[in-house]
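The shown structure was predicted, so the numbers you read here are calculated from the model rather than taken from an experiment. Residue numbering restarts at 1 for every chain, and letters A, B, ... go by the order of the sequence lines. Side chains included, hydrogens not; waters and symmetry mates left out as well; all remaining heavy atoms used.
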Amino acid sequence: MIEVKNLCKTFGKNEVLKNIDYKIEKGEKIVVVGPSGSGKSTFLRCLNMLEKPTSGEIWFEGIQVNGKKTKIDLVRQRMGMVFQQFNLFNNKNIIDNITLAPVTLKLMTKEQAEEKAMSLLKRIGLEDKAKAYPSQLSGGQKQRIAIIRALAMNPTVMLFDEPTSALDPEMVGEVLQLMKELANDGMTMVVVTHEMGFAREVGTKILFMDEGCIMEEAPPQEFFDNPKHPRLQDFLSKVL
Amino acid sequence: MNGFYCLTGFFNSISEYFGDVWDSFYEGFYKTFLKDDRWKFFLEGIENTLIIAIGATLMGILIGIVISVVKVLHAKTGKLIILNWIFEIYTTVIRGTPVVLQLIIAYNIIFINIENAVLVGIITFGINSGAYVSEIIRAGIMAVDVGQTEAGRSLGLSQFQTMRLIVLPQAIKNVLPALGNEFIALLKETSVIGYLGVNDLTRAGQRVLSLTYDFYFPYISIAIVYLLMVMGLSKLFKMLEKRFAQSDRG
């Protein structure tokens, strides 16, 4: 579904990603962990071209995402993204946040989009917040709305960039719960996170990134119980 | 007894004095406003000042938005090179020369075919204001968190759609006080349009002065009218700020 070939990314002289090769199949839940500055967020952001790869290729559903003639906006419609800082549109209320993209891009009529938005809001129990503004919500509420805003576009893959890192501890659970439900529904997911519990429970594969490389890749059981790379052993000893 | 006469004499002279003041006040008022329907000069002046100020403000906003968006997109993507270059020159020239000169040049050289000096005034002040407004809005755009743009783009919205629907409304909201300032300055700046022979508010005062040789009434009155217009404008911007602050209520 997503194939990354020889992906390199440099910021000035700083090599952030070094020749990454990876293939993600439909329905997989890839969890990316690693120390900060290891390039995991940059890797994720390269997948939908929020960062432009310096070299290499990224393929998504048969289209080269970083191809010269690729209409990136069309690709992004099918790749949902959730940010660490939520990034709800501050000037729009919740229902408009959710319906803005599908209506503007003429994928749905306003009525269809609102109906869909309301059913998604109902699913997360926030239908009474439809007319509220982002500034009136808690971090956990904002992030769950950011997730369903991405879902409203009917994406085939969801990218999560440290979705719980900016949350108060007691709000992490509600966001992870929603992500678990999403995983159970069969969504293909790529999640950059520090939540090892979530990684173990939901991930089909865990990637350990350090210094711009994927140092280790394994199913959760093996990843946590039998880490091979010394860097990973060191990392796990610190975070677990 | 003597004292009594003194006192009545005192009061008499006071009432005489105030009577004189009143008479001269009325006379001044009469020859400034009432005689030969001179108030019509002032009314026409207010009308022209408002037409020019409002027209130029709208034009300034439009130009300012276009220029600021082009400059920001150029800085971000490196595209729109020629347009950006043209706008850089425009901002430099407009901000680097006095508006009176711009008016005279516009009326006598550039728009020589346009007879209507009010229209030339609107265009010139609009172009002038656009240069300042563009810098104000550009600052506002830069102050909007980049995450807002990333969120818009990640949903498949184009750069332009993201700018128009998400970034620009937030940018303008952020800089409303600065924009208010700019338009207050613009309103008062229109007082130099008299150079083109337009009967604006200030010129109306000058015309009446040349008939009455009385400074007091024409100038104090138009000062009060400017003040009232500026107060109205400030009020309008306060209301706008409140409306835009809707999304801030926590």
Trainee: What part of A:Ile72 gets within 4.5 angstrom of chain B, counting heavy atoms only: side chain, backbone, both, or neither?
Mentor: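 A:Ile72 touches chain B through side-chain heavy atoms alone.
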Trainee: For the interface with chain B, which of A:Asn48, A:Asn90, A:Leu50 has the highest count of heavy-atom pairs at distances below 4.5 Å?
Mentor: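 Most heavy-atom pairs under 4.5 Å with chain B: A:Asn90.
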Trainee: Mark yes or no for whether A:Asn14, through its side chain, and A:Thr10, through its backbone, hold a donor-acceptor pair below 3.5 Å.
Mentor: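 No; zero donor-acceptor contacts below 3.5 Å.
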Trainee: Check this for me: B:Phe160, atom CZ, are more than 12 non-hydrogen atoms of other residues, nucleotides or ligands nearer than 6.0 Å?
Mentor: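 12 or below, so no.
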Trainee: Please look at A:Lys92 and chain B and tell me whether the side chain, the backbone, both or neither of the residue comes under 4.5 angstrom of a heavy atom of that chain.
Mentor: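 Just its side chain gets close to chain B.
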Trainee: Step through the shown structure and confirm whether more than 12 heavy atoms of other residues, nucleotides or ligands are within 6.0 Å of NZ on A:Lys23.
Mentor: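 12 or below, so no.
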Trainee: Considering only heavy atoms, which portion of A:Phe83 lies under 4.5 Å from any heavy atom of chain B: side chain, backbone, both, or neither?
Mentor: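 A:Phe83 touches chain B through side-chain heavy atoms alone.
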Trainee: Please list, in residue-number order, every residue in residues 25-34 of chain A that has a heavy atom less than 4.5 Å from any heavy atom of chain B; write 'none' if there are none.
Mentor: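 Hits under 4.5 Å: none found.
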Trainee: A:Met79 versus chain B, heavy atoms under 4.5 Å apart: side chain, backbone, both or neither?
Mentor: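 Contact with chain B is through the backbone of A:Met79 alone.
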Trainee: Which of residues 118-155 of chain B get closer than 4.5 angstrom to chain A, counting heavy atoms alone?
Mentor: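 Residues in range: B:Asp145, B:Gly147, B:Gln148, B:Glu150, B:Ala151, B:Gly152, B:Arg153, B:Ser154, B:Leu155.
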Trainee: Does A:Ile148 reach the side chain of A:Arg123, with side-chain heavy atoms less than 4.5 Å apart?
Mentor: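 They are not in contact (no side-chain heavy atoms under 4.5 Å apart), so the answer is no.
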Trainee: Hey, is the main chain of B:Leu168 close enough, under 3.5 Å, to the side chain of A:Asn91 for a donor-acceptor pair?
Mentor: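 Checking the backbone N and O of B:Leu168 against the side chain of A:Asn91, no donor-acceptor pair under 3.5 Å is found.
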Trainee: Look up atom CZ in A:Arg149 and atom CE in A:Met81, then write down how far apart they are to the nearest 0.5 Å.
Mentor: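 If I round to the nearest 0.5 Å, the distance is 11.5 Å.
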Trainee: Is the side chain of B:Gln170 donor-acceptor paired with the backbone N or O of B:Ile166 at a distance under 3.5 Å, no angle test?
Mentor: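 Indeed, once roles are kept as given, a pair shorter than 3.5 Å links the two residues.
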Trainee: Do the non-hydrogen side-chain atoms of A:Met49 and A:Thr70 ever get within less than 4.5 Å of each other?
Mentor: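 Result no, sub-4.5 Å side-chain heavy-atom pair not found.
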Trainee: Check whether any side-chain heavy atom of A:Leu120 lies under 4.5 Å from a side-chain heavy atom of A:Ile124, and answer yes or no.
Mentor: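 Counting from C-beta outward, A:Leu120 and A:Ile124 never come under 4.5 Å.
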Trainee: In this structure, are over 12 heavy atoms from other groups packed under 6.0 Å from B:Tyr195 atom OH?
Mentor: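 Incorrect, the count does not exceed 12.
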Trainee: For the side chain of A:Asp161 and the backbone of A:Leu44, is there at least one donor-acceptor N/O pair under 3.5 Å apart?
Mentor: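 It does not hold such a pair.
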Trainee: Does atom CD of A:Glu170 have more than 12 heavy-atom neighbours from other groups under 6.0 Å away?
Mentor: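 More than 12 heavy atoms, drawn from other residues, nucleotides or ligands, come within 6.0 Å of this atom.
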